[in-house]
Amino acid sequence: MLPADSPLLEGLNDRQAQAVTSQAGALLIVAGAGSGKTSVLTRRIAGLIASKTAWPSQILAITFTNKAAGEMRERVAALVGEASQGMWISTFHSACVRILRTEAERFGYTKAFTIYDSGDQRALIKRLIRDHGADRLGLTPASVSGKMSRLKNELVDVDSYRGQVRESDPNDVAFYQLWSDYQAELARSQAFDFDDLIVHTVQLFRAFPEVAAVYRRRFRHILVDEYQDTNHAQYALIRELTQAVSPEQVPESAPPHERENGLEAPALTVVGDSDQSIYAFRGADIRNIVEFERDFPGAEVILLEQNYRSKQTILDAANAVISQNFDRKAKNLFSELGAGDKIQGFTGYSQHDEAQFVADEIGKLIDEGYRYQDIAVFYRTNAQTRAMEDVFIRQALPYRIIGGTKFYERAEIKDLLAYLHAIANPADALAVRRILNTPKRGIGPATEATLVAHAEQAGITLSQALTEVDQMGLGPKVTGAISELSQLLIELRSTLDSATAAETLKAVIDRTGYRTLLERSNDPQDLARVENVDELLGVASEFSRGNQDGGLVEFLTEVSLVAAADELDDSGGTVSLMTLHTAKGLEFDAVFVTGVEEELLPHRMSANEPGGLAEERRLFYVGMTRAKNKLHLSLAMSRQTFGEAMVCAPSRFLREIPEELMQWRDSGLGDRALTAPRTSLEREPRSLPRPPREKNTQWANRIDTVVRDNSEMELAVGDRITHDDFGPGTISALTGAGPKRVAEVRFDQVGKKRLLVKIAPISLTPGV
DNA sequence: ATTCTATGTATTTTT
DNA sequence: TACATAGAAT
């Protein structure tokens with residue numbers, strides 16, 4: 001028991017302190033946005049250690065992202081020091097990988113199994129659909145993987161699905177066939193997809209009670225963050241881990257009292273907020289949190305409603321929005337941080353106009369003393385980044401996109417990782433297929449088919465088939481190329497014990513000539529690819545340095561499980577751009593929620609789904625509650641959606657915010673301005689003014705394809721210039737050099753802006 | 001087998 | 001718009 005004057009309770013309110021010290025076997029902490037739940041969670045863990053209630057090794061804490069795990073580990077370490085080393089603090093997926101690697105041999109897998117990410121999964125399903133001719137039936141990789149994932153999240157496996165196939169439905173029959181082949185190929189390749197990691201761990205515990213007992217005895221305190229976003233499979237995993245251990249399951253080596261009485265169920269603490277549940281589309285089941293008290297009789301529930309993050313105005317607006325969701329437990333966040341500024345609303349003509357507003361406001365915030373890393377821009381879809389990037393680049397505004405087209409999804413990265421996968425796990429057929437002709441070795445589909453057929457016939461892996469290539473009667477050129485590849489794989493496998501991941505990667509790059517080929521290429525994009533290759537090498541070196549005992553398999557695991565939010569580093573002085581989903585769990589001094597329009601937020605795709613609108617509203621709520629001081633909500637009246645301009649209407653969510661909390665503006669370029677979105681809501685969308693024509697062509701090109709190059713332009717403070725969009729202005733400052741030269745211009749009509757000189761559409765005004 | 005060109009189709013969110 | 005795929009040319 002923690003003493004009342006423990007430093008771990010310092011500065012906590014009563015409810016928080018209660019959450020830290022509770023002895024309940026099952027504890028639900030309903031933590032509203034910004035209510036200090038990470039503090040509570042970390043201090044609770046530290047308290048368990050300090051009061052000798054638990055050893056570090058008895059603690060399992062589950063977070064949503066690796067970044068959150070890292071942060072939690074750091075904060076726990078700050079409280080308890082070295083002791084944090086022995087704890088498991090990780091995501092569901094990482095924890096499952098660790099368990100599965102340990103127990104792999106028990107169920108006929110190798111420790112070095114591969115994890116197939118969504119891209120790998122897609123590629124495999126696509127091939128299977130083609131092989132089955134299932135595209136005729138309208139099955140797509142997306143629909144198949146979606147359905148598979150939904151079933152897996154409900155713990156339905158292929159074998160049990162077989163019984164419920166509707167034989168009269170050719171679509172369903174084909175789906176079953178595909179799924180069954182998919183799992184067979186995964187098993188042959190010694191691979192798991194994301195969902196399988198959870199499902200197989202649950203199945204492992206159910207099939208081997210003695211294994212389950214090992215982990216139930218080991219983890220005496222389990223803590224789960226973001227519980228509202230757990231799906232049924234994850235719920236089942238938690239249930240498996242929180243069972244009591246009967247005397248029969250206790251090993252001989254255990255202390256006598258345990259052998260006699262068994263062991264009571266481990267203690268469970270979950271933290272969550274049903275108002276922030278935004279992953280239903282991925283199988284998250286809100287009932288897990290809503291029905292917690294029923295699931296765990298005698299559970300204690302603690303509600304944290306005091307918000308330590310945001311100004312009251314922001315909370316009032318957020319509360320007003322979320323209260324529109326019916327069937328929700330009443331909860332009202334309050335803050336003692338003062339009312340703060342009104343929420344700034346902005347209506348632009350186009351997405352570029354909107355982006356320009358965001359850039360201008362960021363400029364003002366910087367002048368007020370905000371730092372770039374204190375500012376974030378959120379959007380509903382990744383496609384919205386384009387306009388933002390265009391404007392940000394032109395204004396030399398340092399930004400970083402979190403998530404989006406991820407580094408590890410790039411072709412060159414996947415190529416090199418496929419080599420590593422093929423080396424670490426020779427059974428991985430997908431990886432071998434990928435590298436077969438990368439870089440180009442003159443091996444086409446015909447040769448690939450021959451190799452696969454040989455492997456199948458002989459009942460060997462594809463890697464083994466490569467070694468038998470000379471028995472296949474292929475041409476001398478092809479045979480030579482394949483045995484060379486085979487040699488390389490064998491050789492690098494043999495050095496696995498002594499070589500680091502970085503060394504193996506380096507060897508792959510050198511021996512295949514991958515980097516050299518990119519360098520010699522005359523495709524300008526290949527230059528960027530060389531940089532990516534080097535970056536991957538850097539990542540591997542860093543990993544090998546930081547994880548002395550971690551080898552190739554560990555490196556590949558880490559790489560496979562990175563999440564979007566993990567990319568966020570607080571060190572850099574950049575504005576962060578991310579989707580609303582990625583924003584969950586983060587906070588920023590100033591936040592821009594962009595594209596607050598019908599069809600986008602709420603997204604049109606959500607309209608058909610049951611509960612879709614409520615989830616969109618929660619998403620908006622999550623975005624709003626990330627802001628500490630300043631919240632901006634913006635929208636555009638028209639938006640380019642695949643090539644075509646679409647007229648947009650303001651989001652219904654904006655109507656849910658009390659008028660007096662907001663201050664609306666528009667771009668003020670002439671008489672086409674909207675007065676307020678309230679007015680425009682009543683207006684027919686079609687009658688909305690169209691954005692000026694020239695503007696579209698102006699921004700149509702992406703920045704890197706623009707031919708303009710002002711690098712020769714000689715500018716000085718005080719010079720008068722004219723900008724195509726902003727009109728005449730005077731240069732007030734110049735910074736940076738060469739292609740990075742930035743001019744600060746005071747425009748006569750639109751105020752101060754920063755421009756990247758090299759690409760700005762400006763000309764010197766003569767005669768001044 | 002590879003590379004170039006034309007055509008069609010698709011964008012929600014992600015561990 | 002832009003990306004992926006299919007078809008044609010080399």
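Rounded to whole Å, atom P of C/dA4 lies 14 Å from atom CZ of A/Arg130. At whole-Å resolution of the value, CD in A/Gln351 and C1' in C/dT1 are 11 Å apart. If you take OH of A/Tyr235 and P of B/dT15, they are 25 Å apart, rounded to a whole angstrom. For A/Gln384 and C/dA2, the CD to P distance is 16 Å, given to the nearest whole Å. Rounded to whole Å, atom P of B/dT13 lies 11 Å from atom CG of A/Leu580. Distance, A/Asp120 CG to B/dT15 C1': 14 Å, rounded to whole Å. A straight line from NZ of A/Lys152 to C1' of B/dT15 spans 14 Å, rounded to a whole angstrom. Counting to the nearest Å, the C1' atom of B/dT15 and the OH atom of A/Tyr408 are 16 Å from each other.
Shown here is A/Arg122, whose CZ atom has no more than 12 heavy atoms of other residues, nucleotides or ligands within 6.0 Å.
Here A/His581 and A/Phe281 bring their ring centres to under 6.0 angstrom of each other. Under the 6.0 Å cut-off for aromatic ring centres, A/Phe192 and A/Phe113 qualify, their centroids lying closer than that. A centroid separation of 6.0 Å or more is found between the aromatic rings of A/Phe378 and A/Phe620.
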Can you give me the N/O atom pairs linking the protein to nucleotides 1-4 of chain B at distances under 3.5 Å, or say none if there are none?
from	atom 1	to	atom 2	distance (Å)
B/dA1	OP1	A/Gly444	N	2.6
B/dT2	OP1	A/Gly442	N	3.0
B/dT2	OP2	A/Asn437	ND2	3.0

Could you list the protein-to-nucleotides 5-12 of chain B atom pairs, N/O on both sides, closer than 3.5 Å?
from	atom 1	to	atom 2	distance (Å)
B/dT12	O4'	A/His603	NE2	3.4
B/dT12	O2	A/Arg380	NH1	3.0
B/dT12	O2	A/Arg380	NH2	2.3
B/dT12	O4	A/Glu609	OE2	2.4

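Spacing of P atoms, C/dA4 relative to B/dT13, comes out at 15 Å, to the nearest Å.
Judged by distance alone, the side chains of A/Arg282 and A/Ser149 never bring a donor and an acceptor atom under 3.5 Å apart. In the model, A/Ser634 has a side-chain atom that pairs as donor or acceptor with a side-chain atom of A/Glu354 under 3.5 Å. Counted by atom type alone, A/Asn325 and A/Tyr621 present zero donor-acceptor pairs between their side chains at under 3.5 Å.
Across all strands, A/Tyr279 comes closer than 4.0 Å only to sugar-phosphate atoms, never to a base (heavy-atom distances).
With A/Val202 as the fixed residue, the side chain to side chain contact (heavy atoms under 4.5 Å, CB included) test singles out one of A/Ile238, A/Leu241, A/Leu155: A/Leu155.
Look at A/Asp273 and A/Arg618 and you find no salt bridge, because none of the NZ, NE, NH1 or NH2 atoms lies under 4.0 Å from a carboxylate O.
The phosphate of B/dT15 has neither OP1 nor OP2 within less than 4.0 Å of any side-chain N or O from A/Ser118.
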